[in-house]
Amino acid sequence: MSTPLRRLRFPVLSLALLPVMSFGSPAAVRPEIPAVLSSLSYDGEGKLILEKNGQKLADLEKKDPYSLAQMLGDATGAETGLALDFHQPALNGVVAYDPYNENAEFPTVAFLAKSAKLQNGRALLEFRAMFNGPNDFFKLKEKGRGIVGFRVIDAEGRIIYEGRVAFDGKGPYRVLPTIVEGPFVNELSPTGCVVSFETQVPIATTITVDGKKFHDAGAGTHHEIAVDGLRPATSYDYTIAYGEREDRRHFKTAPKAGNRQPFTFAFASANRATTGGGERDFGGTNYSSTRAVMAAAVLNHAVFLQASGDITNGGNTSEGGHLIEYANWKRALDPFWCSLPVYVGFGDHEDNMTSFAVDTVTKKSPKMDRFPYATESGEAIFAKAFVHPRNGPDSEDGSSYDPDPARTDFPTYQENVYSYTYDNVAMIVLNTEYWKGEDPKISGCPEGYIMDRQWAWLQKVVRQFEDDPAIDHIFVNLHSAVFPNGDHANGAMWYDGNNTARAKVKGVPVSVGILERRDQILDLCVNRSRKFLAFLSGDEHNFAFLEVTPEVPLYPEGYTGARVKISRPFFHINNGGGGSAPYAMLSTPWNAHWKFFTEPPTVALIEVSGPDVRLTAFSAETFGRICEKVKLR
């Protein structure tokens with residue numbers, strides 16, 4: 001059986017471009033300002049300008065210091081090893097390296113005691129001198145081929161990136177096509193999955209599973225291959241053939257829908273880098289805690305991990321800046337993701353922002369989701385970095401507040417809003433950070449707000465799972481909490497109880513406020529669904545468990561708006577325990593009802609056995625128990 005590449009992930013979209021004349025220079029081409037934004041224009045030099053409080057605030061045009069393409073290392077063979085060139089003359093420090101244990105069940109890199117000097121963006125990884133005697137654990141001198149992992153560490157000791165490169169020879173050495181990221185098992189189903197990976201050079205690849213062969217459509221560096229026609233709940237080895245190499249991994253297909261056999265899944269989020277040195281700040285992510293969370297999940301037989309966003313520091317201004325941080329986060333999970341699927345939600349640090357000069361009135365730098373949205377938005381870059389179901393809505397285009405239905409003016413929802421199932425569980429993944437606009441003058445969405453077309457999709461998919469006899473339990477995963485408890489008490493779906501927070505399109509506020517939309521979601525999930533069980537959030541950097549009963553207060557004192565009446569208990573479980581700095585509890589009406597409030601790093605496990613669902617949580621660092629087998633249903 002032969003199956004081609006699953007899909008072309010990044011179609012070329014036509015973008016409206018605006019010619020802008022610069023003084024003393026030829027015409028520069030600038031992307032047309034989307035019709036949904038306000039108070040923006042280009043000046044005579046082609047700079048994007050925000051007019052606010054009587055000021056003209058220019059785009060700061062911030063640049064990210066490194067890109068993923070740079071950090072791959074542009075490796076070439078040398079007489080005594082491999083030469084790396086990061087094309088960054090200002091980059092100095094060291095490169096740690098040693099063989100990548102490709103034959104282990106969970107492949108990792110074991111680093112040599114001595115690093116290579118990194119000077120003017122270049123380093124030589126010495127093989128002939130280093131892979132000898134007790135240093136040659138994997139017998140590379142004898143084999144004359146293998147994969148070497150390397151870490152780029154700057155002059156201040158900060159880890160920037162971890163890469164790998166395949167080679168052969170005993171001197172001189174030759175660089176081979178290499179899988180530099182992955183393989184990753186995605187979109188697991190009872191009959192297959194989608195295997196994705198990246199190579200440093202364009203190449204055609206083949207995956208063999210159970211005697212069946214699945215191919216790329218053609219040579220490329222991004223590979224995304226659908227594997228199907230397999231048996232449910234069955235373990236398989238798979239072999240990726242590329243160039244002169246073959247890599248072998250394994251995975252297990254999902255059980256048949258509605259099988260109702262016991263299984264466990266894990267969830268965690270907020271893996272941003274923190275202080276403390278070493279792998280706590282690994283190129284924008286807390287590599288140490290991220291790997292610990294995943295290892296703990298695997299040790300406890302989890303069948304997938306749901307991550308809920310803020311996986312890196314973000315704050316980037318370019319695709320390359322985001323992709324290098326995403327690559328570092330994925331590298332922490334890499335040993336396990338080749339067998340166990342990971343699903344990722346979109347958080348506020350995944351936004352790709354344009355920053356303007358500081359407003360002298362507010363003392364803040366206004367920010368907005370970067371356009372053109374088809375290529376530069378945080379949502380578009382997220383879709384490039386991850387492989388998720390494409391069953392969500394397209395965008396907010398076509399909504400009642402769309403100023404120009406004939407053109408695309410909003411970012412995509414594809415692969416950042418989606419749903420999937422495993423056995424008798426349905427997971428709905430929302431984007432509470434869509435089309436982020438941190439300044440109402442520009443227009444955009446505040447954190448936590450669900451716009452109309454995403455809301456319409458949520459209603460449809462809840463009804464779909466409600467009518468599906470194979471599904472018993474529905475979870476809704478989102479980044480911003482429905483019930484925040486810490487740093488986001490003045491945001492999320494709460495805003496200190498202020499319903500005026502809402503999206504603004506072309507300068508006009510939409511009709512539904514943040515609390516009204518929250519209440520619509522509660523009414524749908526709790527009052528109109530028997531199967532909905534819990535919201536899973538992650539923007540608050542702590543683990544916390546909330547049972548919401550009709551007696552739990554949902555509004556501030558003196559609230560005059562309409563109120564939703566909750567008909568039954570349900571749960572809100574926050575696990576922002578992926579490794580970011582902890583958030584303390586702040587005041588909300590439901591404060592007294594939180595349980596098991598714990599600082600990161602934490603892993604949460606949901607154990608499902610037919611009609612029964614239980615929650616266990618513990619420290620990913622010490623394995624200290626937070627709660628054990630708390631009955632949810």
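Being a predicted model, the structure only gives us computed values, none of them experimental. Here, residue 1 is the first one in the sequence, and each next residue gets the next number.
Ion pairing of D612 with R633 is absent here, as no side-chain N (NZ or NE/NH1/NH2) approaches a carboxylate O to less than 4.0 Å. A salt bridge is absent between D519 and K565; no separation between the charged side-chain nitrogens and carboxylate oxygens falls under 4.0 Å. Between E162 and R151 there is a salt bridge, with a side-chain nitrogen of the basic residue lying less than 4.0 Å from a carboxylate oxygen of the acidic one. Look at K436 and E433 and you find a salt bridge, because one of the NZ, NE, NH1 or NH2 atoms lies within 4.0 Å of a carboxylate O, short of that distance. Between D439 and K367, none of the side-chain N atoms (NZ, or NE/NH1/NH2) sits under 4.0 Å from a carboxylate O, so this pair counts as no salt bridge. Under the 4.0 Å criterion applied to side-chain N and carboxylate O atoms, D472 and K531 are not assigned as salt-bridge partners.
Within the 4.5 Å cutoff, the side chain of C445 has heavy atoms near those of the M451 side chain.
Remark: S308 OG to F267 CZ distance equals 6.5 Å, nearest 0.5 Å. Going from atom OG of S289 over to atom CG of N271 covers 8.0 Å, rounded to the nearest 0.5 Å.
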### Task
Step by step, work out the ring-ring contact (aromatic ring centres under 6.0 Å, His included) result for F571 and F545.
CA-CA 7 Å; F571 302 97; F545 173 84; 5.4 Å; yes
### Query
Passes ring-ring contact (aromatic ring centres under 6.0 Å, His included), F535 versus F532? Steps please.
CA-CA 9 Å; F535 293 107; F532 170 77; 4.7 Å; yes
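Evaluation of the ring-ring contact (aromatic ring centres under 6.0 Å, His included) rule for Y420 yields F304, Y343 as partners, not counting sequence neighbours.
In this pair, W435 and Y373 present their aromatic rings perpendicular. The plane angle is above 60°, beyond the 30 to 60° band.
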